[in-house]
Amino acid sequence: MKYVDEFREPEKAEALRREIAKLSRQLEKPIKIMEVCGGHTHSIFKYGIEEILPQTIELIHGPGCPVCVMPKGRLDDAIAISQNHNVIFATFGDAMRVPGSKTTLLQARAQGADIRMVYSPLDSLQIARDNPDKEVVFFALGFETTAPSTAFTILQAAAEEIHNFSMFSNHVLVIPALKALLDNPDLQLDGFVGPGHVSMVIGSDPYQFISQQYNKPIVVSGFEPLDILQSIWMLLQQLVENRCEVENQYNRIVQKSGNTVALQAINKVFAIRDSFDWRGLGDIPYSGLKIQPEYAQFDAELKFTIPNLKVADHKACKCGEILKGVLKPWECKVFGTACTPETPIGTCMVSSEGACAAYYKYGRLSTIAKRTIPKVTITQEPLPACGFFSD
Amino acid sequence: MNIHSQNSIKNPLFQKIEQARHRQGKVRDTHITLAHGSGGKAMRDLIDDIFVSSFDNPILSQLEDQASLNLASLMQQGDRLAFTTDSYVVDPLFFPGSDIGELAINGTVNDLAVSGAKPLYLTCSVILEEGLPVETLRRVANSMKAAAEKAGVQIVTGDTKVVHRGAADKLFINTAGIGIIPRGVNISAHNIKPGDVIIINGEIGNHGTAILIARGELALETDIESDCQPLHSLVETILHVCPQVHAMRDATRGGLATVLNEFALTSNVGIRIFEESIPVREEVNGVCEILGLDPLYLANEGKLVVVVPKENAENVLSAMKSHPAGKDACIIGEVISSPPGIVLLKTVFGAERIVDILVGDQLPRIC
């Protein structure tokens, strides 16, 4: 397939695998690389990338799955909105099965709420046009990747003066989440595979703080298997050469300064919240987007009474530790027993981009049974800047 | 006056009325009304005009409450009866390459065929939503007629119900079918053994993708058509060269992955398939990429998964390729002893991953 098959050629993958293996032999100790984005996690498992990497490279599956980081309380709020009389609640498909504290949107629909699955926020605007006597609410979630399209939808609704339309904004920002992770003493990472879709919007420049303040290399990566392998290879090169830079593997899509039009739309429609609650990670300052007062008529949080309660995660659920890469999914006591894709306790098990679901779905045998990842002793001392490698 | 008196019957007006009463029923309404399910004249007209005239055969024309089938003739053809039923609720009713009527016939024919049975008789039960255009029903019935003729089966009895507007989505069809399994044929998911070879008769995911696109919710245009087709003749061809086929199933809802998981769990064997061997159209892969779906789980309506002993694999493959419904047949995997109950996919990069049972529907990803 044009523009796809080129990034899945086995011969090129094998060449990259050999190069990665060669470089990994120059490492003095095992390394941990975090792929921030859930899309990468999905690809890594789907194509079995982790399995062909040397065992000295451990992949940590980061918090970049937008439905995985949705706290239960916000899901409860969404369900409460959907249960309002006269409301049509529109959502992306993979949010349907995310558990709130008592139920999911899928269950709420079965119980009578008018919840419709859409492929784009503009589809929800069309529902509003087609149903002028109903209130249509779009469940806006996702990172900077999806924020521009929801922003454009609000601008469109404003231009057309559509009054029966609003959004329940749960957009989150990747940079504050990365900062929170990097400040966490539990986390000892050697580098990042940077999110491709988010970077298409924000560009690669915003990651400079990772290399400059935290002395970690980052390579912004595409989602095809060869993209990911090449990004890992680029990261290893940096580590071996004792460099800490922001590099852009996905330069066919990602510019240094991002997409100006998309960023302008986000800035016009959204304001940054003082704080946003992330599932498993807790409150992260300045990490969420709310709708600007100028567009208040499209803000579902102002249009509807919502419970707005914080609901603690299940005690046994280790999604937080898994999102931070402190624990592997199978180290959670309920993984694969009480918590399965059929009966998810934590959101990491819901979305196909979630680390637990990916392990359960694609790798519970090959990765857990066959591959025992060597435990790395975590030192509390800050590591020297990329400097524990030979050569 | 007694209206049944000899004089009354001779009355020309009375004779005209009687002729009219015995006339072949005809539907005069443009849309289905509740009267068409009431059991009265309107329903009789609908059955006559749409179903009896389309499915025309001597057994159905008896219009009894049941079809009366000759046992002796059935017993000559084999030693076991295969009996199946399925319901069809597809939206939209008409989609590229096929429609609900053809689907209802081929689906049941294929469910019979994969046991090695010769499909013979089908039932047709319809649930109609008040307001359905009669022309739509006529099109569907004609399509069922054509599919039944192609598959060599007769629709011998049926039922019609009409429900209030909103109580059903336009048109639901249930078909049951019986066929005869020849002596010596024993095809079952329990028979699969390590060392067996897995063959499929062509590209996967075309039907699921065609339906997805036909719903019009995606701004996508492709020329993908449903693969809806009867498979009984292909099965006959396979059994001709390999009567000892171990297992066979049509990969409908849940796709190839679901069939393979059913096989692995039922026979408690492992199954390894090879990503590069599985035929998927570029367009299907493209739609899956956009929506975050996996073609392994997309529905098919004309795909057959066959498990045969290794020594018969090449023979079966070339026999399948000689048949129009199997011209793209290929070997996609093998049966292994371990891990039992698990399907593994060897990726194009040489890694192995699980292909698990789908939980609920595939849901499109956000990004």
Side-chain angles (χ1 to χ4, degrees), chain A residues 1-5 8-10 13-14 17 37-39 42 45-53 65-67 92-97 106 117-120 123 141-143 145-146 195 197-198 223 225-226 229 340-344 351-353 357 360-367 369-370, chain B residues 212-213 215-220 222 257 261 264 270-277 279-297 336 338-367:
Chain A
M1 190 177 3
K2 202 160 169 56
Y3 307 125
V4 173
D5 287 349
R8 295 180 186 175
E9 285 178 24
E14 175 55 22
R17 190 196 64 77
C37 178
H42 185 80
F45 280 93
K46 188 174 173 196
Y47 298 101
I49 289 172
E50 198 165 22
E51 206 182 311
I52 60 171
L53 291 178
C65 161
V67 298
F92 290 129
D94 54 357
M96 294 290 279
R97 269 201 290 266
L106 209 56
M117 214 168 73
V118 292
Y119 296 94
S120 122
D123 296 341
L141 51 90
F143 285 87
T145 320
T146 50
H197 288 146
V198 164
F223 293 86
L226 288 186
L229 281 173
T340 66
E342 262 175 308
T343 54
S351 163
S352 59
E353 296 179 2
Y360 185 90
K361 192 175 168 200
Y362 294 132
R364 64 181 183 269
L365 281 182
S366 55
T367 313
K370 285 197 275 182
Chain B
L212 214 55
I213 305 284
R215 284 191 185 142
E217 293 164 7
L218 305 164
L220 294 173
T222 67
N261 271 287
I271 287 177
R272 181 188 286 123
I273 52 171
F274 304 99
E275 189 174 26
E276 59 192 339
S277 309
V280 187
R281 269 183 77 151
E282 282 184 5
E283 294 94 325
V284 171
N285 258 336
V287 170
C288 285
E289 282 302 316
I290 292 168
L291 298 177
L293 306 177
D294 190 337
L296 289 174
Y297 296 95
I336 48 181
S338 179
I342 301 277
V343 179
L344 298 172
L345 176 100
K346 193 101 180 163
T347 72
V348 290
F349 307 126
E352 232 167 41
R353 70 161 166 94
I354 289 177
V355 178
D356 210 350
I357 298 168
L358 193 61
V359 177
D361 282 335
Q362 288 201 94
L363 297 174
R365 292 205 313 268
I366 289 178
C367 67

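Letters A, B, ... mirror the listed sequences (proteins, then strands); counts begin at 1.
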Distance check, rounded to the nearest 0.5 Å: [X] atom [atom1] versus [Y] atom [atom2]?
X         : Y         : atom1 : atom2 : answer
Asp356(B) : Tyr360(A) : CG    : OH    : 6.0 Å
Asp294(B) : His42(A)  : CG    : NE2   : 7.0 Å
Leu358(B) : Glu342(A) : CG    : CD    : 10.5 Å
Thr347(B) : Phe45(A)  : OG1   : CZ    : 13.5 Å

Inset, instruction - Grab the two heavy atoms, one from Lys46(A) and one from Arg353(B), that are nearest each other, plus how far apart they are. - result: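 Looking at all heavy atoms of both residues, the shortest contact is O-NE, 2.5 Å.
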
Inset, instruction - Identify the two heavy atoms, one from Ala351(B) and one from Gly48(A), that lie closest to each other, and give their separation to 0.1 Å. - result: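 Result for this residue pair: CB-O, 3.0 Å.
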
Inset, instruction - Only counting residues at least two apart or in another chain, list the ones meeting salt bridge (Lys or Arg N to Asp or Glu O under 4.0 Å) with Arg17(A). - result: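 For Arg17(A), the residues satisfying salt bridge (Lys or Arg N to Asp or Glu O under 4.0 Å) (neighbours in sequence not counted) are Glu14(A).
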
Legend entry - All side chain to side chain contact (heavy atoms under 4.5 Å, CB included) counterparts of Arg281(B), not counting sequence neighbours: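 Side chain to side chain contact (heavy atoms under 4.5 Å, CB included) list for Arg281(B), sorted by chain: Glu203(B), Asn206(B), Asp223(B), Ile224(B), Glu283(B), Val284(B).
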
Legend entry - Segment of Glu276(B) engaging chain A (4.5 angstrom heavy-atom cut-off):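 Neither the backbone nor the side chain of Glu276(B) comes within 4.5 Å of chain A.
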
Inset, instruction - Report yes if the side chains of Glu51(A) and Phe349(B) come closer than 4.5 Å at any heavy-atom pair, otherwise no. - result: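 The answer is no; the side chains never approach within 4.5 Å.
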
